[in-house]
Amino acid sequence: MVDFANQWARRIPAWPLYIIGVLPAIWLFYLGLTGGLGVEPIKELEHQLGLIGLQLLIAGLAITPLRRWFGLNLIKYRRAIGLLTFFYILLHLLVWLVLDVQILAQIWADIIKRPYITIGMVGFVLMIPLAVTSNNYSIRKLGPAWRTLHKLTYAAAILGAVHFVMLSKGFQLEPLLYLGAILVLLAARIRWNRKRVAA
Amino acid sequence: MANRWKNDLTWDDVTPEKAFLNRRQIIAGMAGVAAGAIAGPAFADKLEPNSYEDITSYNNFYEFGTGKDDPKRYAGALTTKPWSIEIDGMVDRPGTYSFDQITSGMTIEERIYRFRCVEAWSMVVPWNGFELSDLLNRVGVQSGARYVAFETAYRPDEMRGVAFPVLDWPYREGLRLDEAMHPLTIMATGLYGRPMPNQNGAPIRLVVPWKYGFKSIKSIVRITLTADQPPTSWNMSNAREYGFYSNVNPEVDHPRWSQATERRIGGGLFAKRQPTLMFNGYEREVASLYRGMDLTKFY
């Protein structure tokens, strides 16, 4: 089963992911313009883009545990997933800035005064260097530092999920499931047996 | 005794059903609608009530789920006939009153009110209902009573949302007696001249137009007159964010967002924000209720 999946993964290139990955965003904007997102399309669009961003974060974080625990190698898709994550979070932020809040003074006040927005914003800022260095040139140039830098993904993922938990009204299950999934995927990276791993 | 309050929005402000349906069709990109059909209301530069569709498809009614479209999808499961309200506490004639007993003899008026949600969106709704004071006077409020407590139906078999403790069910709300007796405060039994849709709180709900929407409790099964301030659901869930009063106030922010502006539902993807009015535009009518109170403290 895993061998079969790995064979297919060898054959399917990563580039179509970029095209497929952008389609939901276009579709959501189209729905928003034509009434398909209900009577309050701004919040719905903002929410959907944020959710897709979180789902992509989870997909990206799943790749290493899948290889380690199940031998499934999907690493060649990770860059595309990471860049798409950045793309959706950027759109989420832009919808919030341009369509939702609209007022520049209030945007700054919100970022500084509202902890859930501060946290979401920090999560986004941490993703910028990751997106900028997601190319072969940077990997060569940075060497081992690249791997260390890209551990920022872990912090961004936790901040993103906490942002979702904090913005919910009342006690809701869905955001906690996202946070739980991210924490499980991060825990799956910890080497519990403390055995030295050969370099 | 009714018609004590004069509406500043009238039926002339309401978009005719035909016109808003046509507008929807154009928004939906459907061809074949004559341009003449959208003249007037669609482009009028005045406050116009939201369409029936807006009002009935974007709701917070967590008993049916936390999504805005959940109430429309799932509230149909609520049995609203028969319906009764238990009225107890400090009243002269406590008892269980049927929906018909409660509404018989009441003057059902049209009240076109602004509706401002604590989440910073708003609508204008043409409610049908009677003044709560008429009901309270009928059951006889005893002299020591100072507050009115309300409770929403709690029916796990019909309400899929109560399976998870989003809030401490049943949903509870409360008013000070003078707020409850205010002529703006109504028990609504319908909107747009039709019976109250389930997602909007069928068959009977409270509407307090100068307070955030969550105060206007839906599908009421119990009204209790008390001497002490009753516990209320959102206040129990998070007292820092949701005060007992929860009057619409652009100067007192919700800890997580500004209350200075709001977005009218129905404006599409590029809807502009508009300033939120003190007491949701009912300052003239209700400000005297809170004279001398620090509204940043009693939010």
Side-chain angles (χ1 to χ4, degrees), chain A residues 25-49 51 91 94-120 162-177, chain B residues 23-30 50-51 53-60 62 65-69 72 117-123 161 163-169 171 214 233-234 236-238 241-242 253-258 260-261 263-275:
Chain A
I26 298 169
W27 176 238
L28 283 171
F29 272 100
Y30 170 77
L31 287 180
L33 284 171
T34 54
L37 294 182
V39 298
E40 217 295 41
I42 299 173
K43 275 283 172 208
E44 185 63 17
L45 183 63
E46 188 178 294
H47 186 70
Q48 293 294 338
L49 291 169
L51 269 186
L91 286 181
L94 287 175
V95 168
W96 178 73
L97 289 175
V98 178
L99 299 180
D100 189 355
V101 184
Q102 299 170 1
I103 306 154
L104 198 65
Q106 200 175 309
I107 290 167
W108 282 115
D110 276 355
I111 292 172
I112 296 161
K113 265 166 65 182
R114 325 264 175 218
Y116 89 91
I117 292 176
T118 315
I119 284 174
V162 168
H163 167 74
F164 188 23
V165 170
M166 285 178 75
L167 67 85
S168 305
K169 277 173 67 195
F171 181 54
Q172 294 193 37
L173 189 58
E174 194 191 7
L176 295 174
L177 292 176
Chain B
R23 264 203 300 157
R24 293 273 152 204
Q25 283 162 354
I26 286 179
I27 290 163
M30 292 178 194
N50 283 80
S51 68
E53 192 204 331
D54 286 349
I55 296 167
T56 57
S57 59
Y58 193 78
N59 308 98
N60 279 325
Y62 280 12
T66 53
K68 292 286 184 291
D69 50 352
K72 183 179 187 172
C117 180
V118 73
E119 297 166 354
W121 55 265
S122 66
M123 297 196 193
F164 194 76
V166 181
L167 290 167
D168 184 3
W169 315 111
Y171 192 78
F214 68 87
S233 291
W234 279 107
M236 289 154 68
S237 158
N238 192 336
E241 297 190 347
Y242 310 101
D253 283 352
H254 184 281
R256 284 183 283 161
W257 54 83
S258 164
T261 62
R263 186 160 49 237
R264 267 289 295 281
I265 297 298
L269 201 51
F270 304 104
K272 286 273 157 258
R273 282 182 173 270
Q274 59 188 51

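In what follows, chains are A, B, ... by sequence order, proteins preceding strands, each numbered from 1. Bear in mind that the values here come from a model prediction, so they are computed numbers and not experimental data.
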*asked:* Would the distance check show the side chain of B:W234 and the main-chain N or O of A:G170 forming a donor-acceptor pair, the cut-off being under 3.5 Å?
replied: no

*asked:* Looking at chain A, which one of B:W121, B:F270, B:W257 has the largest number of heavy-atom pairs inside 4.5 Å, strictly under?
replied: B:W257

*With a 4.0 Å cut-off, would you call B:E119 and A:K43 a salt bridge?*
no

*Against chain B, work out which of A:I117, A:V101, A:D110 has the most heavy-atom pairs shorter than 4.5 Å and name it.*
A:V101

*Select one option (side chain, backbone, both, neither) describing which atoms of B:S258 are under 4.5 Å from chain A's heavy atoms.*
both

_Please tell me whether B:N60 and B:K68 have a donor and an acceptor in their side chains that are separated by less than 3.5 angstrom._
yes

*Any side-chain heavy-atom pair from A:E174 and B:T66 closer than 4.5 angstrom?*
no

*Given that the side chain runs from C-beta out, which part of A:Q106 has a heavy atom under 4.5 Å from chain B: side chain, backbone, both or neither?*
side chain

*Counting only heavy atoms closer than 4.5 Å, note whether B:T261 contacts chain A via side chain, backbone, both or neither.*
side chain

*Can you tell which of A:D100, A:L37, A:L173 has the highest number of heavy-atom pairs within less than 4.5 Å of chain B?*
A:D100

_Salt-bridge criterion met for B:R263 and A:E40 (N-O under 4.0 Å)_ = yes

_Side chains of A:F164 and A:H47 in contact at under 4.5 Å (non-hydrogen atoms)_ = yes

*chain A heavy atoms under 4.5 Å from B:P165: which part of the residue, side chain, backbone, both or neither?*
both

